[in-house]
Engineer: 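Starting off with a structure, shown below.
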Amino acid sequence: MAPMQLTVIGCSGSFPGPDSPASCYLLEAEGFRLVIDMGNGSLGVLQRHAELFGVDAVCLSHLHADHCIDLSSYWVARQYAPDGPRPPIPVYGPRGTAERIAGFSGEDPTNIRARFDVRDLTPQTREIGPFRVTTEHMNHPLETFGFRVEHAGWTVAYSADTGQTDALVRLAEDADLLLSEASFQDAENNPPNLHLTARQAGEHATRAGAARLVLTHLVPWYDRERSLAQAAETWCGPLSAATSGLVLGPGAAI
Ligand SMILES: [Zn+2]
């Protein structure tokens, strides 16, 4: 069985950066393509790694624009495809997903649902294609889900956006890879219950016993080498920072 492959499409935190779209990750296994989050600019870069209509399912961690706004662009592509509208694909998101995308698009939610089979996420384990996907609520101002995705004995956990939370430690327990947001750096005035510092990302990875930590959701105005140095103070294992185009997985040489 071919191993799972995770391609970082976008890893820029809060808004697109010069070298990366905002949050978007492509997971592939057994010919199935699952996209988690579709932040600003991600639909363009996604087409370097997957056919425009080759996406089988989408998960949205939450409804901040930098995690979901390009789903409205993808709706346009699927609605107005030259050979006619494309059949709906499953879109898993927090309650209100169809309405949010409709708002971005200036459309009625009914039209969004004609192209996307929108399903409410809840904290649970479900099968999506060949993947076993476990979701938990994260610590962020609006409903946000973190993910644990398992396939053929390989496990990746994704924090989405979150402040400190034991739920992330549970999702990442003994995972092969923790893809953790590290929006903040050490400072006195970081707001609570919003984002993790790189140091806190390292702490969560250590507590979870993850095998590898990749920092993501890195905000363009912060120096990533400094973020890596701060994470390394609480995390002793393999550590790197996500970049657009980075391929991760059991078969990837990283
Ligand atoms: Zn957010």
Side-chain angles (χ1 to χ4, degrees), residues 8-17 20-27 34-43 45-46 58-74 91-105 118 120-123 133-149 156-172 178-185 187 189-201 204-205 214-222 224 227 231 241-242 244:
V8 176
I9 303 298
C11 54
S12 185
S14 302
F15 53 90
S20 176
S23 298
C24 181
Y25 306 91
L26 170 64
L27 281 72
L34 169 65
V35 171
I36 300 184
D37 283 343
M38 289 190 78
N40 326 52
S42 60
L43 183 62
V45 174
L46 181 62
V58 176
C59 288
L60 298 179
S61 65
H62 67 300
L63 298 179
H64 277 152
D66 63 314
H67 289 255
C68 71
I69 198 167
D70 270 23
L71 190 66
S72 63
S73 303
Y74 197 38
V91 171
Y92 299 83
R95 239 177 316 149
T97 290
E99 290 74 17
R100 177 68 119 219
I101 301 306
F104 289 144
S105 308
V118 181
D120 287 348
L121 275 177
T122 51
V133 180
T134 302
T135 43
E136 287 220 41
H137 278 130
M138 296 289 102
N139 178 12
H140 200 55
L142 76 180
E143 186 176 39
T144 300
F145 292 91
F147 294 81
R148 177 185 178 94
V149 182
V156 55
Y158 166 52
S159 67
D161 284 7
T162 190
Q164 299 195 73
T165 174
D166 291 343
L168 179 58
V169 176
R170 288 194 296 273
L171 285 178
L178 170 56
L179 196 56
S180 177
E181 77 125 293
S183 305
F184 291 152
Q185 298 185 336
N189 57 351
N190 289 328
N193 308 314
L194 182 63
H195 288 299
L196 294 175
T197 63
R199 179 185 305 276
Q200 290 166 341
H204 284 71
V214 174
L215 303 183
T216 192
H217 204 272
L218 296 159
V219 186
W221 55 54
Y222 286 131
R224 62 176 46 211
S227 294
S244 181

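Counting convention: from 1, in listed order, for ligands and their atoms alike. What you see is a predicted model; the values in this text were computed from it and never measured. Because only heavy atoms are used, hydrogens play no part in the values below, and waters and symmetry mates are left out as well, while side chains stay in.
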Engineer: Checking side-chain polar atoms at under 3.5 Å, does H137 have a donor or acceptor matched by the opposite partner on E143?
Structural biologist: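 Yes, E143 and H137 have a side-chain donor paired with an acceptor closer than 3.5 Å.
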Engineer: When you check the side-chain N and O atoms of D161 and H64, is any donor under 3.5 Å from an acceptor?
Structural biologist: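 Absent: no donor and acceptor within the cut-off.
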Engineer: For the residue pair D37 / S61, report whether a side-chain donor-acceptor contact shorter than 3.5 Å exists.
Structural biologist: yes
Engineer: Does a donor on one side chain and an acceptor on the other come within less than 3.5 Å for H195 and N190?
Structural biologist: no
Engineer: Test of understanding: with ring pair (Phe, Tyr, Trp, His ring centres under 6.0 Å), list the residues that count as partners of F147, not counting sequence neighbours.
Structural biologist: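 Once residues adjacent in sequence are excluded, F147 has no partner under the ring pair (Phe, Tyr, Trp, His ring centres under 6.0 Å) criterion.
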Engineer: Does either side chain, that of Y92 or that of T135, offer a donor lying less than 3.5 Å from an acceptor on the other one?
Structural biologist: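 Looking only at side-chain atoms, T135 and Y92 do not form any donor-acceptor pair under 3.5 Å.
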Engineer: At less than 2.8 Å, how many protein N/O/S atoms surround the Zn ion (ligand 1)? Leave waters out.
Structural biologist: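 There are 4 of them.
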